[in-house]
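Report on the structure given below.
Everything numeric in this text was worked out from a predicted model, so none of it was measured. All ligand and atom numbering here is 1-based and tracks the order in the structure.
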Amino acid sequence: MEKGLLIVLSGPSGVGKGTVRQELFKDTSLNLAYSISMTTRQPRYNEQDGVDYFFVSQDEFEKKIKNDELLEYAQFVGNYYGTPRSYVEQLLNEGKNVVLEIEVQGALQVMKKCPYALTVFLVPPSFEELEKRIRGRSTEKEEVIQERLAKASKEIATKDEYKYVVVNDEVLLAKEKIAEIIRENLLKKSQ
Ligand code: 5GP
């Protein structure tokens, strides 16, 4: 069976990667599978272990790093986030197109390790809009919000490293652009 396509969806925190990803997953013709990340962050009230993330302790996470069980990982605003490698490989071998929804440091690691990966960077229509979205989520303290904003502007500066940059002005439009990019790349891959 032909291996699936590895897809990296990145972009600054608050740009709406999660929402766009959820829309993409409604399109079953894309044959997508989501790589559930591991994190040491506390779950938000609406998050479920094993669905949104695998929530683990710092010790557990550091063991995974030591045993080289992560395809990539990063520290983001005081917590670890990473992609369990074996699950991604299993899904790719099953022919699934696997989506990693990850921040920039991790995305840069995947580009190095897997240069064939399809990499998409989602940008906000403006920085003001991004700030509004991050504040709108308002699950964090001001200090964390400030940290996320400072981080976002550094993250946006890496956008040229990606194969595609898509503006998330309107979720369904952004989703359709990415779906088109995926279809194009699946076609290229099968030729
Ligand atoms: P949040 O705390 O808002 O869920 O996530 C913070 C950031 O970490 C987001 O940009 C999110 O995409 C990213 N992230 C989630 N999972 C992973 C992962 O496995 N690896 C990396 N490098 N970043 C991740």
Side-chain angles (χ1 to χ4, degrees), residues 6-25 32-58 60-65 68-92 98-114 117 119-124 127 130-141 143-159 161-162 165-166 168 171 174 178:
L6 181 60
I7 303 162
V8 175
L9 179 61
S10 192
S13 163
V15 74
K17 299 191 285 292
T19 320
V20 171
R21 189 247 305 165
Q22 278 168 12
E23 288 301 327
L24 273 174
F25 272 73
L32 300 177
Y34 180 55
S35 155
I36 303 169
S37 296
M38 196 165 272
T39 185
T40 58
R41 164 166 81 56
Q42 288 299 311
R44 297 192 180 118
Y45 74 97
N46 56 349
E47 288 178 331
Q48 252 179 291
D49 188 35
V51 176
D52 300 286
Y53 282 107
F54 294 108
F55 295 99
V56 298
S57 68
Q58 187 161 332
E60 278 175 273
F61 199 103
E62 286 171 351
K63 237 180 247 161
K64 301 272 173 195
I65 300 175
D68 197 23
E69 289 177 54
L70 301 174
L71 175 61
E72 60 72 37
Y73 73 93
Q75 272 189 315
F76 185 89
V77 196
N79 283 298
Y80 279 124
Y81 295 81
T83 303
R85 181 204 305 279
S86 64
Y87 185 54
V88 170
E89 280 172 0
Q90 181 198 322
L91 290 168
L92 289 173
V98 181
V99 176
L100 311 187
E101 185 200 311
I102 59 179
E103 55 68 72
V104 165
Q105 303 164 67
L108 297 174
Q109 291 169 40
V110 178
M111 284 177 205
K112 274 204 194 127
K113 283 189 192 165
C114 318
T119 56
V120 180
F121 193 76
L122 211 53
V123 288
F127 200 77
L130 185 71
E131 176 161 4
K132 224 162 73 188
R133 289 182 197 176
I134 290 180
R135 289 190 181 282
R137 192 156 69 184
S138 76
T139 48
E140 276 120 3
K141 287 188 232 143
E143 199 184 293
V144 177
I145 290 176
Q146 287 302 334
E147 238 182 298
R148 280 184 185 254
L149 286 171
K151 186 128 187 147
S153 100
K154 282 194 197 142
E155 288 179 327
I156 292 172
T158 69
K159 69 179 189 327
E161 304 290 325
Y162 293 76
V165 176
V166 172
N168 186 18
V171 174
I178 298 173

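Ligand 1 lies out of reach of Gln105, whose nearest heavy atom is not under 4.0 Å from it. A heavy-atom separation below 4.0 Å is found between Arg44 and ligand 1.
Listed by number with element, the atoms of ligand 1 under 4.0 angstrom from any heavy atom of Ala74 are 22 (N). Which parts of ligand 1 touch Thr83 is read off a 4.0 Å heavy-atom cut-off, strictly below it: atoms 19 (O). Distances below 4.0 Å separate heavy atoms of Gly106 from the following atoms of ligand 1: 22 (N). Those atoms of ligand 1 with a heavy atom of Phe76 less than 4.0 angstrom away are 6 (C), 7 (C). Close approach of ligand 1 to Glu72 is summarised as follows: ligand atoms under 4.0 Å from at least one heavy atom of the residue are 18 (C), 19 (O), 20 (N), 21 (C), 22 (N). Residue Ser37 approaches ligand 1 through these ligand atoms, each under 4.0 Å from one of its heavy atoms: 16 (N), 17 (C), 18 (C), 19 (O). Those atoms of ligand 1 that come under 4.0 Å of a heavy atom in Arg148, given as number and element, are 2 (O), 3 (O), 6 (C). Close approach of ligand 1 to Gly82 is summarised as follows: ligand atoms under 4.0 Å from at least one heavy atom of the residue are 18 (C), 19 (O), 20 (N).
For atom 13 (C) of ligand 1, the nearest protein heavy atom (residue, atom name, distance) is Glu103 N, 3.5 Å. Closest to atom 15 (C) of ligand 1, if we only count protein heavy atoms, is Tyr53 OH, 3.2 Å. Distance from atom 10 (O) of ligand 1 to its nearest protein heavy atom, with residue and atom name: Lys17 NZ, 2.9 Å.
A perpendicular orientation is assigned to the rings of Tyr80 and Tyr73, their planes being inclined by more than 60° (bins at 30° and 60°).
Annotation: side chain of Val123 is not in contact with side chain of Leu130 (no heavy-atom distance under 4.5 Å). Here the side chains of Ile156 and Pro124 are in contact, with some heavy-atom distance below 4.5 Å. With contacts defined as side-chain heavy-atom distances shorter than 4.5 Å, the pair Glu155/Lys151 qualifies. Counting only heavy atoms from C-beta outward, the side chains of Phe25 and Val99 approach each other to under 4.5 Å.
The shortest N or O to N or O distance between Tyr73 and ligand 1 is not under 3.5 Å.
For NZ of Lys132, the number of neighbouring non-hydrogen atoms (other residues, nucleotides, ligands) closer than 6.0 Å is 12 at most.
Gln105 and Gln109 form no side-chain donor-acceptor contact under 3.5 Å, judged by distance and modelled atom types alone.
Neither the backbone nor the side chain of Met38 has any atom closer than 4.0 Å to an atom of ligand 1 (non-hydrogen atoms only).
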Criterion side chain to side chain donor-acceptor pair (under 3.5 Å) on Thr83 and Glu72, from CA distance to verdict: CA-CA 6 Å; Thr83 303; Glu72 60 72 37; 2.4 Å; yes

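What you find for Arg135 and Gln146 is that their closest heavy atoms are NH2-NE2, 3.4 Å. Closest of all the heavy-atom pairs between Arg85 and Leu70 is NH2-O, 3.3 Å.
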